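Notes to accompany the following structure.
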Amino acid sequence: PGTGFAVGDGGKIMARGGSGWSAQSSGTSQAHLGVWAASTLDAWAVGRAGTLLHYDGVDWRDVGPGIGTDLHAVWGSGPQDVWAVGASGVILHWDGGGWTDLNPWYGISFHAVWGSGAGDVYLAGENGGIVHHDGTDFTDLASGTNVTLRALSGVSGRDVIAVGDA
């Protein structure tokens, strides 16, 4: 069996290894809302009140920039390119050395982030909002709906699926 992570309320983090699921200490009681792993030695979890944790294969550590705003989702193309999104339009980017706040100018809460690579990242959230980042600039995309979009996935930059509220 492969390795994986699951997160939830009360700061819960579960890791799956060869012998099944086991609890890991996150050091916080804040609810975790998203998790992404580059490998078994490099994982990220996000959650309430700006919780942003990094796992190095041994411990989960708080590495957040102290924004205090709920973070809903995290995704990366690799260890030097990780994105976290959340309430009030928060968009954070990790470049391998630190987090950059990419200016919350959209005014909607983002609930999902996914990409096909470092230069092809999609964010989705309230009012059907979808934003694309091409490695340099952000562009608004028409989703054709006004419901809150809560998840993104795809197989390429031209084949992306968003799901949301009914």
Side-chain angles (χ1 to χ4, degrees), residues 1-104 106-115 121-131 147-154 160-166:
T3 300
F5 297 95
V7 297
D9 288 342
K12 183 169 275 196
I13 297 180
M14 302 294 291
R16 174 154 173 84
S19 60
W21 290 94
S22 62
Q24 294 187 328
S25 174
S26 70
T28 181
S29 62
Q30 294 290 341
H32 302 310
L33 303 175
V35 64
W36 176 81
S39 72
T40 58
L41 305 176
D42 186 14
W44 301 86
V46 298
R48 300 272 184 233
T51 299
L52 207 162
L53 305 174
H54 181 252
Y55 181 69
D56 61 7
V58 178
D59 295 309
W60 288 92
R61 291 191 177 86
D62 181 358
V63 295
I67 60 169
T69 303
D70 289 354
L71 296 172
H72 299 141
V74 60
W75 173 86
S77 68
Q80 316 307 302
D81 181 48
V82 181
W83 296 78
V85 299
S88 303
V90 169
I91 304 168
L92 301 174
H93 181 253
W94 172 264
D95 62 7
W99 287 98
T100 302
D101 186 343
L102 297 178
N103 203 1
Y106 274 96
I108 66 167
S109 290
F110 290 109
H111 292 275
V113 57
W114 177 86
V121 179
Y122 293 84
L123 320 172
E126 291 178 335
N127 303 317
I130 297 181
V131 177
V147 302
T148 296
L149 300 173
R150 300 201 180 268
L152 286 167
S153 189
V160 180
I161 298 167
V163 296
D165 296 347

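Remember, predicted model here, so these are calculated numbers, not experimental data.
For Trp44 and Trp99, the distance between ring centers is under 6.0 angstrom.
Ser29 OG to Asp9 CG: the interatomic distance, rounded to the nearest 0.5 Å, is 11.0 Å. The CG atom of Leu52 lies 12.5 Å from the CD atom of Gln30; values are rounded to the nearest 0.5 Å. Interatomic distance, NE2 of His111 versus CG of Leu123, reported as 12.0 Å (0.5 Å rounding). For the atom pair CG of Asn127 and OG1 of Thr148, the computed distance is 6.5 Å after rounding to the nearest 0.5 Å.
When all heavy atoms of Val85 and Ala112 are compared, the pair lying nearest together is CG2-O, 3.8 Å. Taking both residues in full, the closest heavy atoms of Thr40 and Phe5 are given as O-CZ, 4.4 Å, listed atom of the first, atom of the second, then distance. The heavy-atom pair separating Leu152 from Ala162 by the smallest distance is CD2-CB, 3.6 Å. The two atoms that bring Trp60 and Ser25 nearest to each other are CD1-O, 3.7 Å, heavy atoms only. The two atoms that bring Ser109 and His72 nearest to each other are CB-CE1, 4.3 Å, heavy atoms only. For the pair Trp75 and Gly115, the tightest heavy-atom approach, listed with the atom from each and the gap, is CZ2-O, 3.0 Å.
Counting only distance, with no hydrogens or angles, the side chain of Asp95 and the backbone of Gly97 share a donor-acceptor pair below 3.5 Å. In this structure, Asp101 contributes its side chain and Leu92 its backbone to no donor-acceptor pair below 3.5 Å. Side-chain atoms of Trp36 do not come within 3.5 Å of backbone N or O of Ser77 as any donor-acceptor pair.
Using a 4.5 Å cut-off on side-chain heavy atoms (C-beta onward), Leu33 and Leu71 make no contact. Between Val131 and Ile91 the shortest side-chain heavy-atom distance does not fall below 4.5 Å. No side-chain heavy atom of Gln24 sits less than 4.5 Å from a side-chain heavy atom of Asp59. A heavy-atom distance below 4.5 Å is found between the side chains of His32 and Leu53. Taking 4.5 Å as the limit, every side-chain heavy atom of Thr28 sits out of range of all side-chain heavy atoms of Asp62. With a 4.5 Å cut-off on side-chain heavy atoms, Thr3 and Arg16 do not count as touching.
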